[in-house]
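Following: one structure in structure tokens, then a few remarks.
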There are 2 protein chains.
Amino acid sequence: MPTHRKPAAGPDDSGSVPYVRVREALFAELKRGRYPPGSRMPSESDLVARFGVSRMTVGRALRDLQESGLLERRQGAGTFATQPHKVASTLRIRDIHEEISSRGHRHRAVVHLCREEPASREVATRLGLVKGAPVFHTVIVHFENETALQCEDRFVNPVCAPAYLGVDFSAVTPTHYLLAVAPFWKAGYTIEAALPGAREARLLGIDRAQPCLIVTRLTENRSMPITVARLTHPGLVYQLEGAFEP
Amino acid sequence: MPTHRKPAAGPDDSGSVPYVRVREALFAELKRGRYPPGSRMPSESDLVARFGVSRMTVGRALRDLQESGLLERRQGAGTFATQPHKVASTLRIRDIHEEISSRGHRHRAVVHLCREEPASREVATRLGLVKGAPVFHTVIVHFENETALQCEDRFVNPVCAPAYLGVDFSAVTPTHYLLAVAPFWKAGYTIEAALPGAREARLLGIDRAQPCLIVTRLTENRSMPITVARLTHPGLVYQLEGAFEP
DNA sequence: CAGTGGTCTAGACCACATA
DNA sequence: ATGTGGTCTAGACCACTGT
């Protein structure tokens, strides 16, 4: 007698989906302090009996909680409640136009440089090219409602985006364009606090002594680096935010 | 005739686990450029036939790829390849002692302040208390191999950790202690670049003009704020790093 | 309506941990 | 030896989408 489903459950029904029901029930108990950190949770069989669902279903619920960092599961040993301390928060890599628009503000971009250059040693290394090889270089300042928010200093590997220099970057951001023509498969970044360079300070209209939040990001294709960008944000007007709530 | 399992598969066997096999196969194809962004993937039934596994198994593989941000699935419509652009990288919230030790370096903490104070208006607001209510306040500088790495200025809600002031913070970090006595269920942070305060500069032994990376973190219990910390890092010696690889 | 994803169940085999 | 998590299959019902 397979699948004697429940008749779509009741009306108030917060969680008519069984695995969600199980997950939320366990989550609530964890939050309430039952199962203190480090203690063993009921076994899958126990939960199967308690909730009247199949093992795959409680497995799904437990896996969700595990991926949230709330549980640790050890084969042969059992399932344990954890301290949610090593949980990771997420930091998005977003297109700045999207970011500004999503705040309901106006985005404007001013292009200060857009040309081909021979690669310096450092840029060449980062892009996996030889020194002196031609690379595309753009410097663009992004405004949010007339406030300078970001100075984007970017080098692009010509192989990945041959038509890059022909794009009107006052209308479409390099990030947006590059995503379309050369989707990345790998990305790395560093975030640091530093003083702006002379040109950056001038373009952003800030004092050279004002600290900036600098994000350096390198994205790569499946086989080669696409672009390296140095994004300088005045510390006074830009903050990264994140949150974790299991 | 249920479960005619494969005899544990061959030796080289990178992915004897069926859902991993399916996931990796599809991942490789996505990476190779088959299924360009926006295009429709084969349906679950197709994949069932192609890989000779059950539908739950391909479902699991597809869900993994979806959670990685590589696929989008729309009920009734199909499964589609996406641009992996809105993918999030993770930024860990780690205990600084752990962080330094994991680099194989030595950690030392110097306690500069450890007392009870009446809450300022700002601190009171952050911790959900009334102005003037007693709060615990610690200021600790963390060294990595004799280099000042972080100035930790922290306020703690006494209700959550009554014995806080009795802890020897040269031996155990506030983060570590608080995780033990008051695990958090919610956390938020901001990252900004700014100049250090006078005291911070002095304690870190840096110039007041040297920009710092400042992480402000608020953690909460299930019902009330536990602690708010301002972590100041000299920009020259501290960077946050992250990477994304699907 | 046919096709697609979303989910469930029941039973099963395996790898691993602990006693 | 027993119990635990990890996974698989086969078949099924449902909700949704597009023609």
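FYI, side chains are in, hydrogens and waters are out, and symmetry mates aren't considered; it's all heavy atoms of this structure. A, B, ... follow the sequence lines: proteins, then strands. Residue 1 opens every chain. No experiment lies behind these values; they were computed from the predicted model shown.
OP1 and OP2 of D:dG3 both lie 4.0 Å or more from every side-chain N or O belonging to A:Ser45. Residue B:Tyr19 has no polar side-chain atom (N or O) positioned under 4.0 Å from OP1 or OP2 of D:dC8. Listed pair A:Ser54 / C:dC8 fails the phosphate criterion, with no side-chain N or O lying under 4.0 Å from OP1 or OP2. B:Arg74 has no side-chain polar atom (N or O) that falls below the 4.0 Å cut-off from OP1 or OP2 of D:dC16. Residue B:Thr57 has a polar side-chain atom (N or O) positioned under 4.0 Å from OP1 or OP2 of D:dT9. For the pair B:Arg60 and D:dT7, the criterion of a side-chain N or O lying under 4.0 Å from OP1 or OP2 is met.
When the nearest nucleotides of DNA chain D are assigned to A:Arg40 and A:Met56 by heavy-atom distance, the more 5′-ward of the two goes with A:Arg40. Comparing B:Gly59 and B:Asp46 against DNA chain C, the residue whose closest nucleotide sits nearer the 5' end is B:Asp46.
Put simply, CZ on B:Arg23 is 13 Å from C1' on D:dT7, counting in whole angstrom units. Remark: P of C:dC16 and CD of A:Glu44 are 17 Å apart, rounded to the nearest angstrom. Summarising the geometry, the separation between CG on B:Asp64 and P on D:dC8 is reported as 10 Å, rounded to the nearest angstrom. The distance from atom CZ of B:Phe80 to atom P of D:dC16 is 17 Å, rounded to the nearest whole Å. The CD-P distance, from A:Glu72 to D:dT4, rounds to 17 Å in whole Å. When rounded to the nearest whole Å, the span between CZ of A:Arg63 and C1' of D:dT7 equals 10 Å. Here the C1' atom of nucleotide D:dC13 and the CD atom of B:Gln75 are 12 Å apart, to the nearest Å.
Residue A:Arg55 is in base contact, counting any heavy-atom pair closer than 4.0 Å across all strands shown.
A 6.0 Å sphere centred on CZ of B:Arg126 holds no more than 12 heavy atoms belonging to other residues, nucleotides or ligands.
The side chain of B:Arg73 approaches C:dG5 more closely than any other nucleotide in the set C:dG5, D:dG6, D:dT17. Among the nucleotides D:dC8, D:dT4, C:dT9, the one closest to any side-chain atom of B:Pro18 is D:dC8.
Between the side chains of B:Asp168 and B:Ser170, at least one donor-acceptor pair of N or O atoms lies under 3.5 Å.
Salt bridge annotation for A:Asp64-A:Arg23: present, with a cationic side-chain nitrogen under 4.0 angstrom from a carboxylate oxygen.
Ring centroids of B:His107 and B:His142 are separated by less than 6.0 Å, placing the two rings close together.
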Practice prompt. Take B:Phe169 and B:Tyr164 through the ring pair (Phe, Tyr, Trp, His ring centres under 6.0 Å) test and state the conclusion after the steps.
Written response: CA-CA 10 Å; B:Phe169 290 121; B:Tyr164 182 73; 4.7 Å; yes

